[in-house]
Amino acid sequence: QVQLVESGGGLVQAGGALRLSCAVSGGAFSRYAMGWFRQAPGKEREFAGIIWSGGSASYADSVKGRFTISRDNAKNTVYLQMNSLKPEDTAVYYCAAKYYSGRYFASSHRYEYDYWGQGTQVTVSS
C-alpha cells in the first residue's frame with residue numbers, strides 16, 4: 001500500500017524557519033499531485049499548498065510568500081520550506097497524495113486526496 005511519512009516538525013521561535021519532508025513509498029510518486037494541509041488546535045484542517053507533477057505549485061493566501069513546496073522525484077519526497085514563521089502557523093502538518101489523471105479536481109479539499117501521512121507537529125513560539 002502507499003504510505004506517506006512526514007518529518008521535520010519541531011519547536012521554533014517566531015520569525016524562524018523549518019523544512020518538512022514527506023517520503024512516499026509503494027506508489028508512482030511522479031504521477032501524484034502532493035498537497036500540504038495543516039490543522040491548528042480547535043480548528044478545521046486547512047489547505048496550505050500543492051505541488052503538481054511538473055513542479056508548479058500553488059499556495060493558500062495565508063502562507064503565500066513565506067512557504068515553498070518542492071519535490072524530488074528521484075527520492076520520492078516532497079518538501080515544505082516554511083520561513084518567517086508566525087505563532088498562528090502552529091499546527092499539525094499533513095502531506096497528502098492525489099493520483100492526477102489530468103482532469104480537474106478541487107486541490108484544496110481534503111476529500112479529493114487518496115493517501116495521507118500521519119502528521120508532524122510544528123509549534124511556533126512568540
Side-chain angles (χ1 to χ4, degrees):
Q1 294 291 331
V2 175
Q3 292 188 330
L4 283 64
V5 180
E6 302 98 332
S7 61
L11 175 65
V12 65
Q13 294 186 45
L18 283 174
R19 189 192 196 196
L20 306 184
S21 298
C22 175
V24 180
S25 62
F29 178 77
S30 64
R31 303 291 295 276
Y32 295 148
M34 298 295 301
W36 283 97
F37 290 76
R38 63 187 187 178
Q39 187 165 17
K43 295 186 177 181
E44 299 290 326
R45 191 172 300 185
E46 67 175 2
F47 173 78
I50 186 170
I51 188 166
W52 304 92
S53 60
S56 180
S58 298
Y59 304 92
D61 288 343
S62 59
V63 307
K64 194 173 297 180
R66 299 187 298 120
F67 290 12
T68 302
I69 303 173
S70 60
R71 66 191 295 160
D72 187 337
N73 287 347
K75 296 182 178 180
N76 288 2
T77 301
V78 63
Y79 305 95
L80 178 63
Q81 178 67 48
M82 305 184 293
N83 297 328
S84 302
L85 284 162
K86 306 173 182 179
E88 51 262 45
D89 294 320
T90 295
V92 177
Y93 283 72
Y94 300 87
C95 65
K98 168 71 175 183
Y99 185 87
Y100 185 56
S101 66
R103 299 188 179 195
Y104 173 82
F105 77 99
S107 59
S108 64
H109 290 248
R110 290 179 285 111
Y111 65 81
E112 291 277 28
Y113 291 83
D114 301 309
Y115 308 102
W116 290 85
Q118 84 288 350
T120 186
Q121 177 71 48
V122 172
T123 302
V124 183
S125 65
S126 60

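Since the structure is predicted, the reported quantities are computational estimates derived from the model, not experimental observations.
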Nearest heavy-atom approach of Y111 to A106 is OH-CB, 4.3 Å
Between R66 and S62, is there a donor-acceptor pair closer than 3.5 Å when you use the side chain of the first and the backbone of the second? yes
Taking salt bridge (charged side-chain N to carboxylate O under 4.0 Å, His left out) as the test, write out the residues that go with R71, two or more places apart. none
Distance (rounded to the nearest 0.5 Å) between F29 CZ and S53 OG: 10.0 Å
Start with the C-alpha distance between V122 and L18, add both sets of side-chain angles, then the distance that settles side chain to side chain contact (heavy atoms under 4.5 Å, CB included), and finish with yes or no. CA-CA 9 Å; V122 172; L18 283 174; 3.9 Å; yes
Give, for atom SG of C95 and atom CD1 of I69, the distance between the pair rounded to the nearest 0.5 Å. 10.5 Å
Looking at every non-hydrogen atom in both residues, tell me the closest pair between R38 and D89 and how far apart they are. NH1-OD1, 2.8 Å
Evaluate the side chain to side chain contact (heavy atoms under 4.5 Å, CB included) criterion for residues V78 and L80: first the C-alpha distance (whole Å), next the side-chain angles of each, then the deciding distance (0.1 Å), finally the verdict. CA-CA 7 Å; V78 63; L80 178 63; over 6 Å; no
Below 30° counts as parallel, above 60° as perpendicular, anything between as tilted: where do the rings of Y93 and F67 land? tilted
How long is the gap from OG on S125 to CG on L85, to the nearest 0.5 Å? 10.0 Å
Over all atoms of both residues, closest heavy-atom pair of K43 and Q39: O-NE2, 3.2 Å
Nearest-0.5 Å distance that lies between atom CE in M34 and atom CG in L4: 4.5 Å
Passes side chain to side chain contact (heavy atoms under 4.5 Å, CB included), Q121 versus T90? Steps please. CA-CA 8 Å; Q121 177 71 48; T90 295; 4.0 Å; yes
How close do G119 and V92 get, heavy atom to heavy atom, and via which atoms? CA-CG1, 3.8 Å
Given the rule that I, L, V, M, F, W and Y join up when any side-chain heavy atoms are under 4.5 Å apart, are W52 and V63 in one cluster? no
What about M82 and Y59, same hydrophobic cluster or not, with Ile/Leu/Val/Met/Phe/Trp/Tyr joined at side-chain heavy-atom distances under 4.5 Å? yes
By salt bridge (charged side-chain N to carboxylate O under 4.0 Å, His left out), which residues pair with R19, not counting sequence neighbours? none
Just by modelled atom types, is the T68 backbone N or O under 3.5 Å from a matching donor or acceptor in the Q81 side chain? no
I'd like to check L20 versus T120 (side-chain heavy atoms, cut-off strictly below 4.5 Å). Are they in contact? yes
Cation-pi geometry met for R45 and Y94 (6.0 Å, 45°): yes
Which pairs, with at least one residue in residues 47-62 and sequence neighbours excluded, count as a salt bridge (charged side-chain N to carboxylate O under 4.0 Å, His left out)? D61-K64
Do I51 and V24 share a hydrophobic cluster, counting only Ile, Leu, Val, Met, Phe, Trp and Tyr and linking them when any side-chain heavy atoms are less than 4.5 Å apart? yes
Quick one: OH on Y100 to OG on S30, what's the gap to the nearest 0.5 Å? 14.5 Å
What is the minimum heavy-atom distance between A91 and A40, and which atoms define it? CB-N, 3.7 Å
Going only through I, L, V, M, F, W and Y residues with side-chain contacts under 4.5 Å, is there a path from F105 to W36? no
Please work out whether the ring planes of Y32 and Y115 are parallel, tilted or perpendicular, with thresholds of 30° and 60°. tilted
Treating K98 as the side-chain partner and E112 as the backbone partner, does any N or O pair qualify as donor plus acceptor under 3.5 Å? yes
Step by step, would you call E6 with Q118 a side chain to side chain contact (heavy atoms under 4.5 Å, CB included)? CA-CA 7 Å; E6 302 98 332; Q118 84 288 350; 2.9 Å; yes
If I compare all heavy atoms of S58 with all of F47, which pair ends up nearest, and what's the gap? O-CZ, 4.3 Å
